[in-house]
Amino acid sequence: INGNEVFIDPGISIIVGPGATLTIENGAHLHACTNMWQGIILTDASSQLNILTGSIIEDAENAVSADAGGNIQIIDATFDHNYVSVFLANEDYSSSQIIGSTFKCSNGYSLLPPHAGERSLYQIRLTRADITIGDPSSPNDISGSDQGIFLEDKFLNGQNIYNCNLHDFDNNPNTGL
C-alpha cells in the first residue's frame, strides 16, 4: 500500500499469511470508517510486515498482532487511536524492530466504538516475545495510553529497549514501562 488512504469496515482484519509480505509506505493511511477494525494479523513465522515512511495506522482493536512469529519492521510510522497498537506473543521477534515511530491516542479519550470514551489500553504489549524497540539515534515517542510498553512473561532482554520517550500516562505509577 503505497501512499494510499484506505478506509476499513468495522471488524475487518488484514491477514498476512505464510510467506506473504505486506508493505505499507510513503504516507499510506489505514483507518476505520465508523467503528474500529480488527487490525493486521501475521499468521506465521514466514509472514513479513513493513510499516514505513510516514504511514499511519488508526482506529484498530489490535493494529498489529502476531503470536506465531514473523518479521515486523515499523520504521517512521504513526499509530493513533488504536486500542492496542502492537501485540506480539509467544515467539522470538528479534529480527524485527520498532524505531523512529509515534504511538499515541491524540485528543484524549477519543477511541471509536466499541471503545468510545476510552483511550488506548497499550501502545506495545509483549507476551513472551523478544523484539528491538527503539534505536539510540531514532527514538520512539509513546504516549496517551493506560500503559505504554507492557511486558508480560517476557524473555525480552532489557538492552533491546532504546531511547523511548514515554509520557502522558495520567500520573499513574503503573504505566509507561
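The analysis underlying the following values was restricted to heavy atoms, covering all of them including side chains, and did not include hydrogens, waters or symmetry mates.
Side-chain contact between I40 and S65 is absent, with no heavy-atom pair separated by less than 4.5 Å. Annotation: side chain of H31 is in contact with side chain of E5 (closest heavy-atom distance under 4.5 Å). For the pair P10 and I12, the minimum side-chain heavy-atom distance is 4.5 Å or more. You'll find the side chain of L111 reaches within 4.5 Å of the side chain of M36, heavy atoms only. Looking only at side-chain heavy atoms (C-beta outward), S145 and L121 stay at 4.5 Å or farther from each other. Residues I41 and V16 have side chains not in contact (no heavy-atom distance under 4.5 Å, counting atoms from C-beta outward). Counting heavy atoms from C-beta on, the side chains of E61 and P114 come closer than 4.5 Å. Considering only heavy atoms from C-beta on, I99 stays 4.5 Å or farther from D76 through its side chain.
Here the OG-CD1 distance, from S55 to I75, works out to 11.5 Å after rounding to the nearest 0.5 Å. We find the CD1-OG1 distance between I1 and T23 to be 9.5 Å, quoted to the nearest 0.5 Å. Once rounded to the nearest 0.5 Å, the distance linking CG of N71 with CD of Q97 reads 8.5 Å. The line from CG of L112 to CD of E118 is 11.5 Å long, rounded to the nearest 0.5 Å.
The pair E152-R128 does not meet the salt-bridge criterion, since no charged nitrogen lies less than 4.0 angstrom from a carboxylate oxygen. Salt-bridge check for R119 with D146: passed, with a basic side-chain N closer than 4.0 Å to an acidic carboxylate O.
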Quick one: side chains of residues 80-89, donor-acceptor pairs under 3.5 Å with protein atoms, not counting sequence neighbours, listed by atom name and distance.
from	atom 1	to	atom 2	distance (Å)
D80	OD1	S106	N	2.9
D80	OD1	S106	OG	3.3
D80	OD2	S106	OG	2.7
H81	ND1	E58	OE2	3.4
H81	NE2	S106	O	2.8
H81	NE2	S106	OG	3.4
H81	NE2	S110	OG	3.2
N82	OD1	D59	N	3.1
N82	OD1	A60	N	2.9
N82	ND2	I57	O	3.1
S85	OG	Q123	OE1	2.7

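Taking hydrophobic clusters as Ile, Leu, Val, Met, Phe, Trp and Tyr residues chained together by side-chain heavy-atom distances below 4.5 Å, I56 does not share a cluster with I14. No single ILVMFWY cluster, assembled from side-chain heavy atoms under 4.5 Å apart, contains both L49 and I15. Both Y93 and L22 are assigned to one and the same hydrophobic cluster, defined by single-linkage of ILVMFWY side chains at heavy-atom distances under 4.5 Å.
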message = For F7 and L30: C-alpha separation, side-chain torsions, deciding distance, then whether side-chain contact (heavy atoms from CB on, under 4.5 Å) applies.
response = CA-CA 6 Å; F7 294 90; L30 281 64; over 6 Å; no
task = Could you walk me through whether R125 and L151 pass the side-chain contact (heavy atoms from CB on, under 4.5 Å) test, one step at a time?
result = CA-CA 6 Å; R125 179 179 177 183; L151 307 175; over 6 Å; no
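Judged by distance alone, with hydrogens and angles left aside, the side-chain atoms of S47 form no donor-acceptor pair with the main-chain N or O of L42 at under 3.5 Å.
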